[in-house]
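Values below: every heavy atom of this structure, side chains too, minus hydrogens, waters and symmetry copies.
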Amino acid sequence: MSESLVSSKDDKTVSPAVIKSNKGISKIWIIPLITLLISAWFVYQELSKKGLEIEIEFETASGLEAGKTQIKIRDVVIGHVETIELKDDSTGVLVTASMDKKAEQFLRSDSRFWVVSPRISLEGISGLQTLLSGSYIDMAPGIRAETSRRFIALNDPPVTPIGTPGIRVFLNSEKSFTAKVGDQVVYRGLAVGRIETVEYDLEKRVARYSAFIEAPFDQLVTSNTRFWNTSGLELELGADGVGVSTPNFESLLAGGITFDEPEGMPPSHEFNHDKVFQIYPSYKSAMSHRFVEKVYFLVLIESSVRGLKEGAPVEYRGLQIGQVEKINIKLDDHKLEVDADSYKIPVLISIQPGRANLTDDTAGRNFVTQQFELWLKNGLKASLKTGSLLTGAVFVDLKHDDKAKGSKIAYVSGYPVIPAVPDEIVQFTDQLSTTLDKINDLPLQGVAQDLRVLLQDLSKSANAFNDASASISSKLTEFDMAQMNETLGNLNELLAKFATEDNGVSSINQTMVEIQNAMRELTPLLQKMNTSPNSLIFKSQVAPDIEPRGAKR
């Protein structure tokens with residue numbers, strides 16, 4: 001353009017412009033391009049450092065801080081908390097966390113998260129390091145194949161780490177809550193596992209538990225295993241007296257469940273892992289339920305059943321062969337009617353073939369059924385007896401009554417009835433009551449009146465005796481003791497005088513000799529008068545005694 005202007009000025013002529021295209025890239029674009037590459041590099045570095053994003057649901061945000069709280073596995077940091085938000089329904093909080101790339105392999109559907117903070121329990125003190133560093137989120141990697149990015153945190157650390165060798169068993173308790181999460185599972189005093197979960201079925205009103213038993217003790221759990229409660233001291237007041245059993249110290253303080261295989265059980269085998277075991281309230285209850293087969297009978301009790309409890313022994317000649325199943329059982333064909341007779345309390349008992357050294361199967365049950373049918377026809381009776389005076393517990397005793405042979409078997413609601421007889425205490429009480437009634441019928445009022453009159457007479461006699469005693473006492477006081485003493489003195493003087501005078505003594509002696517001679521002369525006469533007194537008047541007709549003569553020489 002400049003050349004054309006110059007030529008126009010110089011030559012006074014106009015020439016056309018020439019346009020040339022430039023196909024190269026301007027160097028000015030190098031600077032933005034370099035800036036873009038650097039920005040992309042920084043973005044890449046930021047994204048690579050940020051890692052994976054997961055979401056964890058907690059009940060509360062206690063101990064958590066956005067941008068500060070760390071996530072660890074075995075004290076190795078693998079992530080940190082980004083944000084903390086409240087759920088829409090305010091039932092918890094949602095924590096968004098950023099995890100390292102290397103933690104991706106641990107994010108399984110069964111991975112667990114929980115907050116580590118200072119904690120004091122019966123097992124000890126944990127989490128003290130968080131007093132200085134602050135709380136953090138601990139993670140237990142899962143073992144399932146499927147992955148997940150959303151998790152629900154635990155309120156407490158898991159009882160059993162994932163991957164621990166052993167088995168998990170399921171337990172039920174119909175009585176009450178017998179354990180809590182973390183309580184021990186004990187085998188003969190040794191802790192071999194712990195309770196993992198506790199739930200309550202409101203519909204069936206049953207407490208359900210899951211417990212993990214570590215290897216190699218998991219091999220001890222078989223189809224015959226029985227579980228029972230060992231929380232605290234076990235004090236049993238029964239028909240056998242007082243029994244006390246104690247678990248180990250930790251179970252005594254915190255509670256626990258123990259298990260074992262009772263003696264006398266059939267051969268055991270591996271159980272189905274979906275099987276649910278029953279938790280019995282005591283060792284005795286667990287052992288009594290080891291017998292499967294039972295034959296049921298009904299006992300109608302007319303006396304008091306105070307002291308009789310479910311599970312009380314049923315004995316035959318001192319040997320337990322069964323137990324009491326239910327007291328005052330509701331019978332299907334029982335109708336409430338007005339009856340002049342006393343109400344008989346139905347008590348359901350069971351005879352267990354296994355207790356009677358029989359096989360615990362159908363054959364043993366059939367044998368018991370046939371045997372008791374024969375005994376009932378021959379007069380089998382049942383009575384309540386006191387097992388322990390200390391506890392007042394009673395049991396059912398079976399015995400034979402020879403006077404009741406040829407009896408018929410009665411059935412109530414399909415159960416054969418064992419006739420009941422009063423026990424010895426009831427019989428003694430009845431006899432004592434009868435004796436007291438007879439004593440009350442005695443004319444005690446008339447006897448009391450006669451006794452009152454007798455006592456009055458005795459009182460009068462006592463008064464008269466007192467008057468006589470007073471009179472004798474007064475006479476003795478009036479008696480002249482001085483005159484008596486004077487008379488005794490004179491007598492002593494007379495005796496002394498006779499003792500000193502020889503003539504007096506000799507005359508007395510001569511007189512005594514004459515008296516003796518006279519008695520000798522009178523002796524034949526006296527004898528004759530004794531033998532034949534009529535001879536003094538009549539002549540004696542008795543021939544003289546024959547005197548033997550001597551032989552002639």
Side-chain angles (χ1 to χ4, degrees), residues 236-241 284-285 288-289 291 294-353 355-356 368-369 371-434 437:
E236 183 177 0
L237 303 177
D240 298 332
K284 185 176 181 180
S285 177
S288 64
H289 285 81
F291 304 107
K294 297 180 181 180
V295 182
Y296 295 95
F297 296 90
L298 199 65
V299 181
L300 303 178
I301 305 296
E302 296 185 8
S303 58
S304 174
V305 295
R306 179 180 293 274
L308 184 66
K309 297 181 179 180
E310 295 182 7
V314 175
E315 295 186 359
Y316 174 75
R317 294 181 177 177
L319 298 177
Q320 183 177 356
I321 61 174
Q323 64 181 12
V324 175
E325 296 292 337
K326 194 170 184 62
I327 301 173
N328 198 22
I329 182 175
K330 184 178 180 181
L331 304 176
D332 296 336
D333 56 353
H334 179 72
K335 297 180 180 179
L336 186 61
E337 298 179 354
V338 178
D339 193 354
D341 297 334
S342 61
Y343 174 70
K344 297 181 180 179
I345 302 175
V347 176
L348 183 66
I349 66 173
S350 65
I351 306 300
Q352 300 163 323
R355 287 188 181 272
V368 170
T369 302
Q371 182 65 68
F372 269 74
E373 287 180 356
L374 180 61
W375 281 351
L376 287 174
K377 294 178 181 179
N378 290 333
L380 183 67
K381 304 291 184 180
S383 64
L384 299 182
K385 285 190 175 181
T386 302
S388 174
L389 295 177
L390 178 63
T391 62
V394 299
F395 64 95
V396 178
D397 183 58
L398 303 179
K399 57 184 178 181
H400 297 281
D401 186 3
D402 296 335
K403 298 180 180 179
K405 289 185 177 181
S407 303
K408 294 183 179 180
I409 303 177
Y411 290 88
V412 175
S413 296
Y415 298 113
V417 178
I418 301 178
V421 294
D423 60 346
E424 288 81 357
I425 296 179
V426 174
Q427 294 177 1
F428 174 76
T429 304
D430 294 340
Q431 293 177 358
L432 181 61
S433 177
T434 303
D437 293 338

Evaluation steps, side chain to side chain contact (heavy atoms under 4.5 Å, CB included), between H400 and L380: CA-CA 5 Å; H400 297 281; L380 183 67; 4.0 Å; yes

Validation row: R355, V314 side chains within 4.5 angstrom (heavy atoms): no

With the side chain counted from C-beta on, respond yes when P416 and L298 share a heavy-atom pair under 4.5 Å apart, and no when they do not. no

Compare every heavy atom of Q352 with every heavy atom of G322, then report the nearest pair and how far apart it is. CA-OE1, 4.0 Å

Going through the checks in order, is the side chain to side chain contact (heavy atoms under 4.5 Å, CB included) test met by I321 and V368? CA-CA 10 Å; I321 61 174; V368 170; over 6 Å; no

Nearest heavy-atom neighbours spanning I418 and L376: CG1-CD2, 3.8 Å

Below 4.5 Å, heavy atoms only, C-beta onward: do S383 and K381 meet side chain to side chain? no

For a 4.5 angstrom cut-off between non-hydrogen side-chain atoms, does V295 reach F372? no

Restricting to non-hydrogen atoms, name the atom on A382 and the atom on V299 that form the minimum distance, rounded to 0.1 Å. CB-CG1, 4.0 Å

Report yes if the side chains of V347 and L384 come closer than 4.5 Å at any heavy-atom pair, otherwise no. no

When the ring planes of Y296 and Y415 are compared, do they come out parallel, tilted or perpendicular, using 30° and 60° as the limits? perpendicular

In terms of heavy-atom contacts, P346 and K344 come closest through CD-O, 3.2 Å

If the threshold is 4.0 Å, N to carboxylate O, is there a salt bridge linking E325 and K294? yes

Side chains of D401 and V421: does their closest heavy-atom pair fall under 4.5 Å? no

Least distance between heavy atoms, R306 atom then S304 atom: N-OG, 3.2 Å

Any idea which heavy atoms bring R317 and D397 closest together, and the distance? N-OD1, 4.4 Å

Q371 versus E373, side-chain donor and acceptor atoms under 3.5 Å: no

Measure the CZ-CD1 distance between F297 and I349 for me, rounded to the nearest 0.5 Å. 7.0 Å

CG (L331) and CG (L348) are apart, to the nearest 0.5 Å, by 9.0 Å

